[in-house]
Amino acid sequence: MLDLSGKTALVTGIANNRSIAWGIAQQLHAAGAKLAITYLPDDRDRNKGKVAELVEPLSPALFLPCDVQNDAQVDEMFAAIGQSFEKLDILIHCLAFANKEDLSGEFTAISREGFRLALDVSAYSLIQLCRGAKPLMTAGGSVITLTYIGGVKVVPNYNVMGIAKSALEMNVRYLAADLGPSNIRVNGISAGPIRTLASAAIGDIHKMLHHVEEVSPLRRLVSQTEVGNVAAFLASDLSSAITGQILYADCGYEIMGA
Ligand code: NAD
């Protein structure tokens, strides 16, 4: 039986009820973990209100702003966690961003600034959050990030995010090697395509969703809850010997040749 009682988790990346991080937070909560949940602040605090209302049933112990482009805010977030929690056990990195114009069209059109932004928010942030989490993970820990097959193979329109996911997956390996002696494990879940705010920005995403439904061995899309279950497993002691890995939760799509 998967039991996360007595464990604490920091969950980033909830924007709405379609977010993969929402599926993960629900499954961690169901397994008994105590949660610190973050939201991306915006000018009028609309995200704050929306996300607060959504996560209320999970009774998060902490609800904090976190924009990974704001170093001071990230430091404050970890300071608040350090003050409230005896230790941190689980870090869920479930966020990414790229300009819409870099998620379709010609790959050669990607600008230096668009490249920098996508890599900074979507890949560097894993290093940044691991650095903040490490001193709090005094009893070891499990770090989980979300990736996509477009970081390994060319997927039409995924463009700059493919490069970001490739860097993210290599981050997983370097971080696993770096943090392993502190008994902190680092893994990635490569989820199949899901309809979310982030995926809506990818050109012709509906074609990819349809294609996966047609050719994946299970002939369907993965759900946020199913990704949440994989995250709960990776967060638990049941996966205590697994680190530096990318696990595919994609209804088997990755094994197919076309
Ligand atoms: P989503 O839009 O619900 O989540 C993306 C999150 O990133 C949002 O909560 C947003 O607030 C956050 N974010 C963006 N910029 C940020 C910043 N500067 N600081 C902090 N947070 C920031 O979409 P999602 O599909 O649930 O995406 C979550 C993760 O899953 C992403 O890494 C995405 O690449 C990955 N993923 C998605 C799919 C898919 O098909 N939806 C498949 C595989 C992997």
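None of these values were measured; they are calculated from a predicted model. Counting starts at 1 for both ligands and their atoms, in listed order. Along the sequence shown, residues carry numbers from 1.
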> After noting the C-alpha distance and the side-chain angles of Gln245 and Asn187, does the key distance pass the side-chain hydrogen bond (donor to acceptor under 3.5 Å, both in side chains) rule?
Replying inline: CA-CA 5 Å; Gln245 298 301 311; Asn187 292 290; 5.8 Å; no
>> Please evaluate residues Asn159 and Glu106 with respect to the criterion side-chain hydrogen bond (donor to acceptor under 3.5 Å, both in side chains), reporting the C-alpha separation (whole Å), side-chain torsions for both, the decisive distance (0.1 Å), and the verdict.
In response: CA-CA 8 Å; Asn159 292 12; Glu106 289 179 22; over 6 Å; no
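Residue Tyr148 approaches ligand 1 through these ligand atoms, each under 4.0 Å from one of its heavy atoms: 42 (C), 43 (C). Close approach to Gly192 involves these atoms of ligand 1, each under 4.0 Å from a residue heavy atom: 40 (O), 42 (C). The distance from ligand 1 to the heavy atoms of Ile14 drops below 4.0 Å at these ligand atoms: 9 (O). For ligand 1, the atoms lying closer than 4.0 Å to a non-hydrogen atom of Pro193 are 40 (O). Residue contact check: Cys66 has heavy atoms under 4.0 Å from atoms 19 (N), 20 (C) of ligand 1. Interface atoms of ligand 1 facing Cys94, defined by a heavy-atom separation under 4.0 Å, are 6 (C), 28 (C), 29 (C). Taking every heavy atom of Ser19 and a limit of under 4.0 angstrom, the matching atoms of ligand 1 come to 1 (P), 3 (O), 26 (O). Using a 4.0 Å cut-off to heavy atoms of Ala15, the atoms of ligand 1 that qualify are 8 (C), 9 (O).
Dense packing is recorded around CZ of Phe85, with more than 12 heavy atoms of other residues, nucleotides or ligands lying under 6.0 Å away. Counted within 6.0 Å of CZ on Arg18, heavy atoms from surrounding residues, nucleotides or ligands total 12 or fewer; the atom is thus considered open. Surrounding CZ of Arg195 are at most 12 heavy atoms belonging to other residues, nucleotides or ligands under 6.0 Å away. Summarising the local packing, CD of Glu113 is surrounded by more than 12 heavy atoms from other residues, nucleotides or ligands at distances under 6.0 Å.
Checking Thr12 against His93 by side-chain atom types alone, no donor-acceptor pair falls below 3.5 Å.
Protein heavy atom nearest atom 14 (C) of ligand 1, with residue, atom name and distance: Ala96 O, 3.5 Å. Looking only at protein heavy atoms, the nearest one to atom 26 (O) of ligand 1 is Ile20 N, 2.8 Å. Scanning all protein heavy atoms for the shortest distance to atom 18 (N) of ligand 1 gives Asp67 OD1, 2.9 Å. Of the protein's non-hydrogen atoms, Thr196 OG1, 3.5 Å is the one closest to atom 24 (P) of ligand 1. The closest protein non-hydrogen atom to atom 19 (N) of ligand 1 is Val68 N, 3.0 Å. Shortest contact from atom 6 (C) of ligand 1 to any protein heavy atom: Gly13 O, 3.7 Å.
Here atom 15 (N) of ligand 1 lies nearest to Val121 when heavy atoms of Leu168, Val121, Leu209 are compared. Counting only non-hydrogen atoms, the option in Leu146, Thr147, Ile92 that gets closest to atom 44 (C) of ligand 1 is Thr147. Here the shortest heavy-atom distance to atom 1 (P) of ligand 1, taken over Ala98, Ser199, Ala249, Ala198, belongs to Ala198. In the candidate list Arg18, Gln69, Lys165, Lys165 is nearest to atom 32 (O) of ligand 1, counting heavy atoms. Among Leu95, Leu221, Ile202, Ile194, the residue whose heavy atom lies closest to atom 41 (N) of ligand 1 is Ile194.
The two residues Lys48 and Tyr39 have their closest heavy-atom pair at CD-OH, 3.3 Å.
Ionic pairing of Lys87 and Asp89 is present here: one or more N-O contacts between side-chain nitrogen and carboxylate oxygen are shorter than 4.0 angstrom. Using a 4.0 Å cut-off between charged nitrogen and carboxylate oxygen, Glu226 and Arg220 count as a salt-bridge pair.
In this structure, CG on Leu146 lies 6.5 Å from NZ on Lys165, to the nearest 0.5 angstrom.
Under the 3.5 Å distance criterion, the side-chain polar atoms of Ser216 are matched with a main-chain donor or acceptor of Val212. A donor-acceptor distance shorter than 3.5 angstrom exists from the side chain of Asn70 to the backbone of Gln73, with no hydrogens or angles considered.
For the ligand labelled ligand 1, residue Ser125 lies outside the 4.0 Å heavy-atom shell.
Contact annotation for Leu40 and ligand 1: only side-chain heavy atoms (C-beta onward) come within less than 4.0 Å of the ligand.
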